[in-house]
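Please read all numbers here as calculations on a predicted model, not as lab measurements.
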Amino acid sequence: MAECSPVDDSAVLAEVRAREWTPGSWRGLECHQMATYEDQAAYEAVISKLSKVPPLVQPAEVSRLTQLLAQAGRGEKFIIQGGDCAERFIDCEPERLENQLAVLTQMGAIVERAAGVPAVRIARIAGQYGKPRSKPTENVPGFGEIYSFKGDNINGYDPKDRAWDPKRLLEGYWHSAATLNFL
């Protein structure tokens with residue numbers, strides 16, 4: 001059996017650690033799935049508003065999750081992650097959210113019992129309103145070539161609602177906030 005040599009990734013890690021994060025630092029990176037908006041003034045107004053609303057996640061919550069993930073990495077906890085690959089604004093309803101939470105809770109309880117270690121439950125919920133697409137457009141019978149549905153954060157599912165609308169970003173924020181508040 002061939003042995004694998006350990007990979008020395010210290011240079012890559014050092015480069016990543018040296019990066020300075022800012023809310024806009026992602027803008028300097030290559031992007032393939034970004035929506036572009038015809039009304040740049042409306043887009044800038046939405047981005048300005050989003051920069052002033054409270055964050056959906058608090059720094060202490062991120063730190064706590066980092067600690068829990070480190071514990072899981074050491075084998076002290078087991079990670080359960082679940083949720084939809086993409087949410088719709090219409091999914092922001094109490095019964096549906098309760099059902100999703102119940103499934104994660106039950107999955108965690110089963111794993112805790114079987115594995116004998118506490119579970120870290122991570123819900124993919126409250127903000128999965130975007131969908132990457134391989135192409136920005138698609139052919140729809142009766143409509144011809146139109147924008148692809150990229151998720152409620154960008155445009156509507158109905159072919160008549162396919163224009164990329166920056167105001168949907170604000171709707172996404174409010175739906176995410178309502179979901180987090182409910183949970």
Side-chain angles (χ1 to χ4, degrees), residues 6-74 76-77 79-89 91-92 97 100 104 120-138 147-157 161-183:
V7 176
D8 182 10
D9 56 3
S10 57
V12 172
L13 288 173
E15 191 268 326
V16 169
R17 287 185 181 121
R19 293 180 189 163
E20 184 177 330
W21 183 89
T22 66
S25 58
W26 62 272
R27 293 180 186 272
L29 303 174
E30 187 176 6
C31 302
H32 295 285
Q33 293 288 336
M34 297 298 292
T36 55
Y37 300 98
E38 291 179 23
D39 187 344
Q40 282 296 300
Y43 172 72
E44 293 300 327
V46 166
I47 295 304
S48 176
K49 175 64 177 171
L50 286 171
S51 74
K52 296 175 180 125
V53 294
L56 294 170
V57 178
Q58 297 297 318
E61 293 172 299
V62 174
S63 295
R64 178 68 179 135
L65 178 59
T66 301
Q67 293 169 354
L68 292 170
L69 292 174
Q71 290 173 336
R74 293 190 299 269
E76 301 164 11
K77 295 193 182 289
I79 296 171
I80 298 291
Q81 181 178 348
D84 295 325
C85 125
E87 297 171 277
R88 303 276 314 272
F89 293 160
D91 298 335
C92 186
L97 297 172
Q100 285 184 292
L104 276 175
V120 178
R121 295 163 183 88
I122 300 173
R124 190 175 169 159
I125 196 169
Q128 299 298 321
Y129 300 122
K131 293 181 69 63
R133 294 293 188 207
S134 56
K135 294 183 355 179
T137 60
E138 64 179 317
Y147 281 123
S148 298
F149 175 59
K150 289 184 69 75
D152 282 346
N153 236 17
I154 306 298
N155 58 358
Y157 182 75
D161 297 328
R162 293 293 180 89
W164 292 353
D165 181 359
K167 293 180 185 112
R168 287 177 164 271
L169 296 169
L170 281 173
E171 287 185 59
Y173 174 86
W174 302 126
H175 281 88
S176 295
T179 298
L180 290 170
N181 184 56
F182 180 79
L183 297 176

For [X] and [Y], which heavy atoms make the closest approach, and how far apart are they?
X	Y	result
Ile122	Leu65	CD1-CD1, 4.2 Å
Lys150	Trp164	CD-CZ2, 3.4 Å
Lys77	Leu68	CE-CD2, 3.6 Å
Leu56	Leu180	O-CD1, 3.5 Å
Tyr173	Leu50	CB-CD2, 3.7 Å
Trp26	Met34	CZ3-CE, 3.5 Å

Indicate yes or no for a side-chain donor-acceptor contact from [X] to the backbone of [Y] under 3.5 Å, with no hydrogens or angles considered.
X	Y	answer
Glu87	Ala126	yes
Arg124	Gln81	no
Ser25	Thr22	yes
Ser48	Glu44	no
Asn155	Ser148	yes
Arg168	Asp152	yes

If you measure from [atom1] on [X] to [atom2] on [Y], what distance do you get to the nearest 0.5 Å?
X	Y	atom1	atom2	value
Ser63	Gln58	OG	CD	11.0 Å
Arg88	His175	CZ	NE2	10.5 Å
Ile125	Gln100	CD1	CD	4.0 Å
Ile47	Leu169	CD1	CG	5.5 Å
Asn153	Lys131	CG	NZ	12.5 Å
Thr179	Leu97	OG1	CG	5.0 Å

Q. More than 12 foreign heavy atoms under 6.0 Å from CD of Glu38: is that the case here?
A.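 No.
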Q. Would you find more than 12 non-hydrogen atoms of other residues, nucleotides or ligands less than 6.0 Å from Tyr157 atom OH?
A.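 No, the 6.0 Å shell around OH holds no more than 12 heavy atoms from other groups.
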Q) Parallel, tilted or perpendicular: which describes the rings of Tyr129 and Phe89, with under 30° parallel and over 60° perpendicular? A) perpendicular
Q) Mind checking whether Arg64 and Glu61 have side chains closer than 4.5 Å, heavy atoms only? A) no
Q. In terms of side-chain geometry, is the basic nitrogen of Glu15 or Arg19 positioned less than 4.0 Å from the acidic oxygen of its partner?
A. yes
